[in-house]
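One structure is given here, and the rest of the page talks about it.
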Amino acid sequence: MPDGNYQDNHISNLLTSNDAWIHFLEENEHATKQGHHHLVIDASCRALESFIESRLLTLYQSRAMAYGKIGQFEKAISDVQTMIQLGPQQPHNYIFASEIYMMQGKMIQAMDILNKGLLLFSSSMTTTTTATHLLRLKLQGIKEQFKERHVDFIKSAPTEIMMQILNSFQDNTSDFLELLNVSKVWRDRILGCSRIWTRVTTQSLDVQKLDLLCKIMPKIGAFIKEMKYASGYSYTRVYPNFLQQMKKQHLSNLTSLTITARSIGFDEPIYKTIQTIGLQLVTLNLILFDDEDKDMMPYFLTILEQCPNILNLKYGGSGMFTDDEDDYLKIRPYHGLDKLFLQCSYLSHGALELVLRKCIRIRRLDLSAEVVEGGTDICKSIQEYGINLDAFCFNADDIPYRQELSLIKQEEKENYSKECDIVLLQQQRQDQQSNSSDSTTESSSSTTIAQNQYHLSYLRVADEIYWLPTLVPLLSSHCKTLVELDMPLRVLPGAEFSQQIRALGQISLPSLRKLSIREIQRTHRTVTEMIHQSNKLKTLCLSFTNEESAQYVLNSLALSLEQPQEQNKNNTIEELQIMGCNDKIYYYESGSQHILIDTTLVTLFEACHDNYIQETASLLLLRTIVLAGLDFSEFSSLGRPTVYFDALSLMATLPTIRCIRIIQVIILKPVLNHFARALQETGVLEELQLTNLEEGAVDDESIKRFGSIGSLKILSLGGLISITDNCLEYLGNNNNNNNSLQTLLITDCPFITQFGLRGLQGCVPHIVLSNN
């Protein structure tokens, strides 16, 4: 009868000797016949264990290595995982698995599998120290290779390259806070970069980021020059830390502070903030009030007292601005404030007079109020106390400004002064100084009056201050220095109004560069006279409430091209804006009335063509045209014999035209096709904007036509629901041929997607997509 010792002596030879294998089977059969079944089971189990741990593991290992050599890493990883499942106590399985990962270049995964083996062996009581030592040696080797290969580019990049990378985030505090978590190297470099922390804003910051901002404040506080709190919650959350840093003078370079939190009012934290850093502030924006019955004047005077060096102040909310605090004038009679924006629900004339008397150096005053008390005296106060006032704007947010085309970042609404206007203003002042040097110098009081009469350069008013009995004297006093005028001009009942409207048309405006007249209604004769009284117009903006007024003014403008008058021969209008409006509903709002003046525009543009040939026109340099709220649907009734018989096509063939903006007009597709064809043949247009046109008027074929304009550099599409990604492919292919289109702006076009814009990458340098 065989025993177990015999089998033990020959099991080790089963994998290498066929004779041993045959003899093992014969012995098992003999033991079965003798009835020794327990010996057969025991011998078979030990043979199976030896077979699995040796022969199978060898086969999986050789196959996994072969898979790795030919690049089939998924199959190789599957085999090494099977090896670990079959022999979890074998350290060589984990080492071999890490080698397969290293062949694939996955160092992190290789270290993970070795750490997994170390964890398993450290918890096992039977594992030898040799196995653990082998795994640790392999892990250490991979870590050294990882350090040699993995070099943080931020750590090695020059400062100039790092700054260019960080500049791509466009001063977004939220993005910078996220970058701090990338690595210690990134954190150190970013916290040490002074430029990116110059302007800090809490917009889009959640609780974790607000807490992180408080934590790093001691390190970046010395870099901060401008701080913006976008909500009351963010200011309340950061305030304790913010106040502590102010007391420690960690914010010594902070000169601009903005807090927009209508719900908190001028509470104790706000007061302590102003009291602590008021001396160093140059710019302060506080929009704090949401209670219409709250008087904001006392807090305004407190700000002036605590911030003697402030130059720019934006203050208010939904509260009242009254003049019940005259005693405050005794505290500080004058203040050096340069620019002031006041926002309130109720404004009294006395409050404005108090502000002007207290802040005599104000050069720009911007008021926004829903209700005005004593409004007829507003202009009188401006004329009497606005000694140094250069710009006065009332309820500017209600004025439909021309939409500026921005490539990357939209300009703030408050920056309404253009660089060209500033240059013209400086030239104008130099001329005035040279003229005044030849005249006899009068007394100091007369000089003050002269400064008051010849200083205002920008005047923009809305309906709430439309009082001609006081506005006309103001314009008369500043007519020689006025550079920009924006005002409504519609008929009002009363004989006094008729007299004032006639007087308005007689005011000469020799320095006016931009004239914007809104809501023209039965005042077209005065509008025409004002245009003729302006000698140096560069920009003319007109919005009409009815077709009669539009036809009269535009026909008069066309006639002036054919028979130019002596006083406006110097007019070289470069920008012309023609808009339609219905009372207080402007072209960009739903329900507005569109003005049908296609015939009149044809006359105007034909006159432009004729004068271009004669080279004696005031519109000779017309480069930009904006059409909004107009109706071009009845072009076929004109019966013109020319090829381009509609107004748009005539406009497109102007040889000086460089920019056209068409906003919310009624237009048929044939008209648009004629327009596109004219632009293609003329080949001089550089910028085109199409916004909020009717559904079906602009489709993919239309965009393809406009994309064929060889000179086009900027294309802006907004509110067009009939265009899809199909038009983008043509723009990309066409741009590869002529290489002209530099900027593509798409806003609220629902069927234009980021996926479709991928095809334009490399073809169009600047692409901006904004779909709400």
(message) Apply side-chain contact (heavy atoms from CB on, under 4.5 Å) to residues Phe341 and Asn285 and explain how you reach the verdict.
(response) CA-CA 9 Å; Phe341 175 85; Asn285 301 322; over 6 Å; no
Heavy-atom pair of closest approach, residues [X] and [Y]:
X      : Y      : result
Met320 : Ser345 : N-OG, 4.3 Å
Met296 : Tyr315 : O-OH, 2.7 Å
Val764 : Thr743 : CG1-N, 4.0 Å
Ser476 : Ile507 : OG-CD1, 3.5 Å
Cys344 : Gly319 : CB-O, 3.3 Å
Gly336 : Leu311 : O-CD2, 3.5 Å

Measure the spacing between [atom1] of [X] and [atom2] of [Y] and express it to the nearest 0.5 Å.
X      : Y      : atom1 : atom2 : result
Leu286 : Lys314 : CG    : NZ    : 11.0 Å
Leu365 : Ile362 : CG    : CD1   : 5.5 Å
Phe242 : Ser234 : CZ    : OG    : 11.0 Å
Lys215 : Ile220 : NZ    : CD1   : 13.0 Å
Leu485 : Ser516 : CG    : OG    : 8.0 Å
Leu257 : Cys307 : CG    : SG    : 9.0 Å

(message) Once salt bridge (charged side-chain N to carboxylate O under 4.0 Å, His left out) is applied, what residue pairs with a partner in residues 237-260 remain, sequence neighbours excluded?
(response) Asp211-Arg237
Quick one: does [X]'s side chain have a donor or acceptor within less than 3.5 Å of a partner on [Y]'s backbone?
X      : Y      : result
Ser457 : Leu482 : no
Ser368 : Gln343 : no
His250 : Gly221 : no
Asn388 : Ile360 : yes
Asp390 : Arg364 : no
Ser770 : Thr747 : no
Ser174 : Leu205 : no
Trp197 : Ile190 : yes
Tyr239 : Thr273 : no
Arg513 : Ser511 : yes

(message) Can you classify the ring geometry of Tyr235 versus Tyr229 as parallel (below 30°), tilted (30 to 60°) or perpendicular (above 60°)?
(response) perpendicular
Taking the side chain as C-beta and beyond, is there a heavy-atom pair between [X] and [Y] under 4.5 Å?
X      : Y      : value
Pro218 : Gln245 : yes
Tyr271 : Tyr299 : no
Lys358 : Leu301 : yes
Val200 : Phe223 : no
Thr173 : Thr202 : no
Val461 : Pro488 : yes

Got more than 12 heavy atoms from elsewhere within 6.0 Å of [atom1], [X]?
X      : atom1 : value
Glu178 : CD    : yes
Lys339 : NZ    : no
Gln275 : CD    : yes

(message) The test is side-chain contact (heavy atoms from CB on, under 4.5 Å); show your working for Leu367 and Phe392 and say whether it passes.
(response) CA-CA 8 Å; Leu367 301 179; Phe392 175 55; 3.9 Å; yes
(message) Checking Gln208 against Leu177 for the side-chain contact (heavy atoms from CB on, under 4.5 Å) test, could you report, in this order, the C-alpha distance in whole Å, the side-chain angles of both residues, the deciding distance, and whether it holds?
(response) CA-CA 10 Å; Gln208 290 77 12; Leu177 292 175; over 6 Å; no
(message) Checking Gln280 now: which residues fulfil side-chain contact (heavy atoms from CB on, under 4.5 Å) with it, not counting sequence neighbours?
(response) Leu254, Ile277
(message) By the definition side-chain contact (heavy atoms from CB on, under 4.5 Å), identify the one residue from Leu284, Leu281, Thr283 that meets it with Asn312.
(response) Thr283
(message) Under the criterion side-chain contact (heavy atoms from CB on, under 4.5 Å), I'd like the reasoning laid out for Cys359 against Leu340: C-alpha separation, chi angles, the key distance, then a yes or no.
(response) CA-CA 9 Å; Cys359 307; Leu340 175 62; 5.6 Å; no
